[in-house]
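As the structure is a computational prediction, the values presented were derived from the model and not from experiment. Naming convention: chains lettered A, B, ... in sequence-line order (proteins, then strands); numbering from 1 in each chain.
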There are 2 protein chains.
Amino acid sequence: MVRRVGLTPERLALAGAELADEVGFEQVTVSALARRFDVKVASLYSHVRNSHDLKTRIALLVLREMADRAAAALAGRAGKDALVALANVYRDYAHEHPGRYAAGRQPLDPETAAASAGVRHSQMTRAVLRGYDLAEPEQTHAVRLLGSTFHGYVSLELAGGFSHSSPDSQESWTRVLDALDALLRSWPAAPQAPSEPSEPS
Amino acid sequence: MVRRVGLTPERLALAGAELADEVGFEQVTVSALARRFDVKVASLYSHVRNSHDLKTRIALLVLREMADRAAAALAGRAGKDALVALANVYRDYAHEHPGRYAAGRQPLDPETAAASAGVRHSQMTRAVLRGYDLAEPEQTHAVRLLGSTFHGYVSLELAGGFSHSSPDSQESWTRVLDALDALLRSWPAAPQAPSEPSEPS
DNA sequence: GAAACTACCTAAAGCCTTTAGGCAAATGGG
DNA sequence: CCCATTTGCCTAAAGGCTTTAGGTAGTTTC
């Protein structure tokens, strides 16, 4: 008489994401996941290569979930409205699912990253910038600024960086978004290339 | 005949920081540190409470080192010059010492954080903002924006987010700093408080 | 010079990872 | 329907990291 639990890489990643929200991504471990399925540890190794593989799968799941939310939030919005919506997707997701969010910050090797939903994220940031008037390469600089600021803010907030100090974090967040909107509307012109006009370094 | 190596919490933290730069902060472990001193693992437990304590000490060391560099960089500078100098302190430190930088992102419990060099960091960011015309509470919002953007950018960059894509990261970094400078010079006015004028939330 | 302390040690328990090899249930071709 | 294969979970075991308990030999102190 043998129990078959029905493990798959997908179910493991999902359960791992839930576990991350409950106990923190650091504590997500092959052993802990096995306990959660009431199964021996070794059994999981038929479905994930190793601990790192598991974490990568969770990260990819998270990136997909966030991208899906972002796509839904951006539909039918433009300009500052879109900017704020996208920003709030990340922040709200992080607040609702801190463990998942931490998983999403897991570094991926380049090939994995290229095949991940991370690509959709930068496409959506670019979509937001359609509401502003930015040509390349400035658009790319702006994409990077937005990504950095969103994730930097949320990470610091999650780490407790802004708690117990006034003004409260929500207010700063609102003002930061106001500021980014203003910045994108009047993006400063690139300065003259220093010396060699036709061959920028 | 007994070998005395001369372990202290400080030396352990320093060696841990070096180890982090060599093999990554994730791999910094009490065992690895013991090997590095050619000493038995248990011996370290007279000097640090546990693994978490060790990591916290490394984080505090890193925050101090970065604050020292920042203080040196800010001396005699103001305005955009100061802004760029401070930003580059973080970015250069992260590039030179990726493991140490990762250690510095280790979350600290509130009391530890309050007693850390983190306080100096926000003071220095405020000092940079003296070159711009920002009254409270907007100054605090701006401090948070700068901290988020600096650390967000550097983290993404370190995670490989901007590699193998053009324009190169150095160029984006320069333009992001141009943009932040422009933003601080024309910081958008706070919108009207929605309903209760004399009692801002 | 004895007492107390310091700095490192041995021993051991507990948990996590990973690989190897096994057995029963499900599957599917003849 | 039956047997062979595959699938899914198991036991066993080795190796690493953490942490505590208890020892021992220099070193300091009075």
Interatomic distance, [X] [atom1] vs [N] [atom2] [rounded to whole Å]:
X       : N      : atom1 : atom2 : value
B:Tyr45 : D:dG22 : OH    : P     : 18 Å
B:Glu26 : D:dG16 : CD    : P     : 20 Å
B:Leu44 : D:dC17 : CG    : C1'   : 12 Å
B:Leu54 : D:dC17 : CG    : C1'   : 13 Å
A:Arg11 : D:dC9  : CZ    : C1'   : 14 Å

Given [options], identify the nucleotide with an atom nearest to the side chain of [X].
X       : options                : result
A:Arg4  : C:dC8, D:dT11, D:dT7   : D:dT7
B:Asn50 : D:dT18, D:dT19, D:dC10 : D:dT19
B:Val30 : D:dT18, D:dC10, C:dT18 : D:dT18
A:His47 : D:dT11, C:dT10, D:dC9  : D:dC9
B:Ser46 : D:dT19, C:dT18, C:dC8  : C:dC8

Side-chain donor-acceptor contact under 3.5 Å, B:Thr112 with B:Arg57
no

Under 4.0 Å, counting only non-hydrogen atoms across every strand here, what does A:Val41 touch: a base, just sugar-phosphate, or nothing?
base

Counting any heavy atom closer than 4.0 Å, what does A:Ala32 reach on the DNA or RNA strands: base, sugar-phosphate only, or nothing?
nothing

A:Tyr90 ring center within less than 6.0 Å of A:His121 ring center:
yes

Ring centres of B:Tyr132 and B:Trp187 under 6.0 Å apart?
no

Between [N] and [X], is there an OP1 or OP2 to side-chain N/O distance shorter than 4.0 Å?
X       : N      : value
B:Ser31 : D:dT18 : yes
B:Ser51 : D:dT18 : yes
A:His52 : C:dT17 : no
B:Thr29 : D:dC17 : no

Donor-acceptor contact below 3.5 Å, side chain A:Arg11 vs main chain A:Gly6
yes

Could you pick out which residue, A:Arg35 or A:Arg49, lies toward the 5' side of DNA chain C when each is mapped onto its nearest nucleotide?
A:Arg35

NE2 (A:His141) and OG (B:Ser169) are apart, to the nearest 0.5 Å, by 10.0 Å

